[in-house]
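Below is one structure, written out as structure tokens; comments come after it.
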Amino acid sequence: MASDAPPPPNDDPVVWEPSNLKHLLRDNPERRVSKLQIDEVLADHDRTERWDEAHQSWEVRGRTLNGRKLTVAWVPHRNGRFPVHVRPSWR
């Protein structure tokens, strides 16, 4: 992890706004991802998190309650964690 990476606020709330809901859920319907699934991955006790220097975001790999593997990227927001990207994860 780079020394200038912000500390991950792992337990901060997930921030939902119209812009990220639209981008994550409606702009990419082929991914078949729900808001609940993103919340579940970010709450997964076995998730892994790493700082992505190139994108200036945290990358989280975890599972939904049904076992689906997803990768969620989020950026720090004054109110918590702001998800900006989601995709299926094969690892």
Side-chain angles (χ1 to χ4, degrees):
M1 177 169 35
S3 60
D4 59 343
N10 291 330
D11 296 322
D12 283 359
V14 179
V15 178
W16 293 109
E17 294 181 356
S19 61
N20 66 341
L21 285 168
K22 177 184 180 298
H23 175 69
L24 296 169
L25 307 180
R26 292 186 289 281
D27 289 349
N28 298 288
E30 71 282 0
R31 295 183 182 159
R32 296 172 300 139
V33 176
S34 70
K35 178 180 173 283
L36 178 61
Q37 289 176 319
I38 295 169
D39 285 333
E40 289 173 353
V41 167
L42 293 175
D44 180 4
H45 292 293
D46 296 321
R47 70 186 182 266
T48 60
E49 298 193 45
R50 74 171 187 88
W51 176 248
D52 183 340
E53 186 69 31
H55 294 102
Q56 295 291 297
S57 63
W58 285 96
E59 183 180 274
V60 178
R61 288 188 177 147
R63 294 178 185 257
T64 66
L65 293 178
N66 288 332
R68 185 176 182 195
K69 297 177 184 178
L70 294 174
T71 298
V72 177
W74 63 269
V75 296
H77 183 280
R78 69 182 174 281
N79 295 324
R81 299 175 289 171
F82 189 83
V84 294
H85 180 74
V86 63
R87 64 179 167 78
S89 182
W90 310 114
R91 295 185 214 170

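Keep in mind the model is a prediction, meaning the values are calculated, not measured. Note that the numbering runs from 1 along the sequence shown for the chain.
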Do you know the tightest heavy-atom contact between Pro18 and Arg26?
O-NH2, 4.3 Å
Please report the closest heavy-atom contact between Arg68 and Arg32, naming both atoms and the distance.
NH1-O, 2.6 Å
Does the [X] side chain pair with the main chain of [Y], one donor and one acceptor, at a distance under 3.5 Å?
X: Asp52; Y: His55; result: yes
X: Arg81; Y: Asp12; result: yes
X: His77; Y: Asn79; result: yes

List the steps, then state whether side-chain contact (heavy atoms from CB on, under 4.5 Å) holds for Val60 with Val41.
CA-CA 8 Å; Val60 178; Val41 167; 4.2 Å; yes
Residue set satisfying side-chain contact (heavy atoms from CB on, under 4.5 Å) with Ser34, at least two apart, ordered chain then number -> Leu36, Gln37
Once side-chain contact (heavy atoms from CB on, under 4.5 Å) is applied, do any residues pair with Val84, and if so which ones, sequence neighbours excluded?
Ala73, Val75, Phe82
Going by the rule salt bridge (charged side-chain N to carboxylate O under 4.0 Å, His left out), which residues pair with [X] if we only count those two or more places apart in sequence or in a different chain?
X: Asp27; answer: Lys22
X: Arg50; answer: Glu59
X: Asp44; answer: none

Is the shortest distance from a Lys or Arg side-chain nitrogen in Glu49 or Arg47 to a carboxylate oxygen in the other one below 4.0 Å?
yes
Say whether Trp51 and Val86 are linked into one hydrophobic cluster, either directly or through other cluster members, by side-chain heavy-atom distances under 4.5 angstrom.
yes
Can you tell if the side chain of Leu42 reaches within under 4.5 Å of the side chain of Pro83, non-hydrogen atoms only?
yes
Could you check if a side-chain atom of Leu24 sits within less than 4.5 angstrom of a side-chain atom of Val33, using non-hydrogen atoms only?
no
Calculate, to the nearest 0.5 Å, the distance between atoms [atom1] and [atom2] belonging to [X] and [Y] respectively.
X: Leu70; Y: Arg87; atom1: CG; atom2: CZ; value: 9.5 Å
X: His23; Y: Leu25; atom1: NE2; atom2: CG; value: 10.0 Å
X: Trp74; Y: His85; atom1: CH2; atom2: NE2; value: 16.0 Å

Between Lys35 and Leu21, is the side-chain contact (heavy atoms from CB on, under 4.5 Å) condition met? List the steps.
CA-CA 8 Å; Lys35 178 180 173 283; Leu21 285 168; 3.9 Å; yes
Asp39: which residues meet the side chain to side chain donor-acceptor pair (under 3.5 Å) condition with it, sequence neighbours left out?
Trp16
